[in-house]
Asks: 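Sharing a structure here in structure tokens format.
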Amino acid sequence: MERGRIDLDGVPFDLQSTLESGQTYLWWRADGADYDATYGGDDWYLTTTRATGEPGVIKVRQREGGLEYRSTVDAEPVLRRRLGLGDDLRTIRASVPDDDVIEAAYDEYWGMRIVREPAFGGVISFICSAQMRVSRIHGMQQSLREAFGTPIEFEGDTYHAYPTPEQLAAATEQELRDLSLGYRAPYVQETAEMVADGADPREAQGLPYEEARDLLTRYVGVGDKVADCALLFSLGYLESVPLDTWIRTAIEEYYPDCEQGNYTDTSRAIRERLGGEYAGYTQTYLFHYLRNREE
DNA sequence: CCCCAGGCACCTC
DNA sequence: GAGGTGCATGGG
């Protein structure tokens, strides 16, 4: 068992908003509390990883200017990557246009990072996100783990790794429908089968942004929006701006001239408006800010 | 009863 | 390429 601490050294970081802002559905709180439940300030979050080959568990919490972790594996490099600790938030924010709602969003959740989740789990969970609320998307991933994932023992408890492509490909559509995936069930099964048969979403990595997005849309259940989510939250394309219902409303309200009538052109316009290279960062702050402001 | 949720596949034209 | 339609499920 590994225990350790990552000193944040005064760098802005916010674990809760990073993990509960709808970027990732692959973590959960130790106490089983659903996302949106009251946060204690230093609660443990858990996830699983196959970064070292075999499935492992990582447990982490933010405390006293650092991140404490416990894990079955060498967790520090995994955490640094998955939690976006290498991103220079000040540089990113400096690239953002001066705009009241954007400044408010950055102020409110300062320290939130863009995650880099494993590609397969990222793609599957965003396939599940179609026409679905954040808390239910998260619940679906938990159901998939428990139904199909490999059990892992850690500190006296049993957890489940996120299912492998093979494990999900072996599921029947009906089994997936029984987990309340609805019409997404065949998409998940078929995409898992494609990956089990040798396709790899990581092939998109390194391609120019729009080519990468096109490549990902060959997976069943992956359109432009889901592809953008996978690019932003798994493959590190920080310029990606997923055009979901919230950001479309924001475009209507704040940037109406960016609406171009189709996904590709609207995407180009809003990326430009949000500063280009790090537009996805700003989109994510806006998404989280606008969504919470409603309550 | 209604509407909506981090949309997509499939069908026309 | 643009435009419509059907699709599961649960919460307000």
Side-chain angles (χ1 to χ4, degrees), chain A residues 17-27 34-37 105 109 112 114-115 117 121-144 147 171-194 201 210 213-235 237 240-253 259-268 270-271 274 279-295:
Chain A
S17 58
T18 299
L19 295 181
E20 298 198 25
S21 51
Q23 303 181 48
T24 172
Y25 305 97
L26 303 178
W27 295 72
D34 202 359
Y35 282 10
D36 299 333
Y109 297 106
M112 181 173 72
I114 298 290
V115 297
E117 293 290 37
V123 168
I124 295 294
S125 56
F126 277 102
I127 287 174
C128 292
S129 77
Q131 294 293 101
M132 196 49 59
R133 284 184 174 81
V134 164
S135 62
R136 288 200 56 212
I137 304 162
H138 182 245
M140 286 179 188
Q141 308 317 304
Q142 295 295 86
S143 301
L144 289 174
T172 65
E173 180 181 328
Q174 189 56 49
E175 285 177 309
L176 295 172
R177 284 184 185 270
D178 290 345
L179 298 179
S180 295
L181 265 64
Y183 62 82
R184 306 154 196 82
Y187 301 163
V188 167
Q189 197 279 329
E190 288 176 45
T191 287
E193 203 159 72
M194 291 171 72
E210 288 185 348
R213 191 175 65 196
D214 282 345
L215 189 149
L216 290 181
T217 59
R218 72 181 181 179
Y219 294 98
V220 185
V222 179
D224 287 330
K225 187 269 170 184
V226 167
D228 266 330
C229 286
L231 290 177
L232 181 56
F233 303 128
S234 286
L235 300 183
Y237 282 77
S240 171
V241 176
L243 299 182
D244 60 57
T245 51
W246 286 93
I247 205 70
R248 285 181 184 278
T249 302
I251 288 172
E252 231 177 281
E253 188 173 347
E259 177 52 61
Q260 299 292 312
N262 66 76
Y263 196 98
T264 301
D265 293 332
T266 304
S267 167
R268 286 177 184 164
I270 192 66
R271 267 182 285 135
L274 297 185
Y281 244 101
T282 299
Q283 185 272 3
T284 302
Y285 272 89
L286 270 180
F287 174 84
H288 194 43
Y289 178 71
L290 296 174
R291 211 169 66 86
N292 283 351
R293 200 175 60 170
E294 291 289 305
E295 296 173 3

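In what follows, chains carry the letters A, B, and so on, assigned in the order in which the sequence lines appear, proteins first and then strands, with residues in each chain numbered from 1.
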Asks: Given 3.5 Å as the limit, does a donor-acceptor pair link the side chain of A:Y109 with the main chain of A:Y285, or not?
Replies: no
Asks: Provide, to the nearest angstrom, the distance between the CD atom belonging to A:E259 and the P atom belonging to C:dA2.
Replies: 12 Å
Asks: In whole Å, what is the span from the NZ atom of A:K225 to the C1' atom of B:dA9?
Replies: 16 Å
Asks: Quick check: any donor-acceptor pair below 3.5 Å linking the side-chain of A:Y187 to the base of B:dG7?
Replies: no
Asks: Are the ring of A:F287 and the base ring of B:dG6 both nearer than 5.5 Å at their centres and tilted by less than 30°?
Replies: yes
Asks: Please report, rounded to the nearest Å, how far the P atom of B:dC8 is from the CD1 atom of A:I137.
Replies: 12 Å
Asks: To the nearest Å, how far apart are A:E117 CD and B:dG6 C1'?
Replies: 16 Å
Asks: Show every donor-acceptor pair shorter than 3.5 Å between a side-chain atom in residues 216-224 of chain A and any protein atom, with sequence neighbours excluded, or say none if there are none.
Replies:
{"from": "A:T217", "atom 1": "OG1", "to": "A:D214", "atom 2": "O", "distance (Å)": "2.7"}
{"from": "A:R218", "atom 1": "NH2", "to": "A:E203", "atom 2": "OE1", "distance (Å)": "3.1"}
{"from": "A:Y219", "atom 1": "OH", "to": "A:D200", "atom 2": "N", "distance (Å)": "3.3"}

Asks: Measure the distance from CG on A:L179 to P on C:dA8 and round it to the nearest whole Å.
Replies: 15 Å
Asks: Could you list the protein-to-nucleotides 9-12 of chain C atom pairs, N/O on both sides, closer than 3.5 Å?
Replies:
{"from": "C:dT9", "atom 1": "O2", "to": "A:R136", "atom 2": "NH1", "distance (Å)": "3.0"}
{"from": "C:dG10", "atom 1": "O4'", "to": "A:R136", "atom 2": "NH1", "distance (Å)": "3.2"}
{"from": "C:dG10", "atom 1": "N2", "to": "A:R133", "atom 2": "NH1", "distance (Å)": "2.5"}

Asks: Does the side chain of A:K225 come within less than 4.5 Å of A:Y263's, by heavy atoms?
Replies: yes
Asks: Between atom CG in A:L290 and atom P in B:dG6, what is the gap in whole Å?
Replies: 13 Å
Asks: Assign A:Y263 to base, sugar-phosphate, or nothing according to its heavy-atom contacts below 4.0 angstrom with the strands shown.
Replies: nothing
Asks: Can you find a donor-acceptor N/O pair under 3.5 angstrom joining the side chain of A:Y183 to the base of B:dG7?
Replies: yes
Asks: Using atom P in both nucleotides, what's the gap between C:dT5 and B:dG6 to the nearest angstrom?
Replies: 24 Å
Asks: Starting at atom CZ of A:R248, determine the distance to atom C1' of B:dG7, rounded to an integer number of angstrom.
Replies: 10 Å
Asks: For A:S267, which residues count as a side-chain hydrogen bond (donor to acceptor under 3.5 Å, both in side chains) partner, sequence neighbours excluded?
Replies: A:R213, A:R271
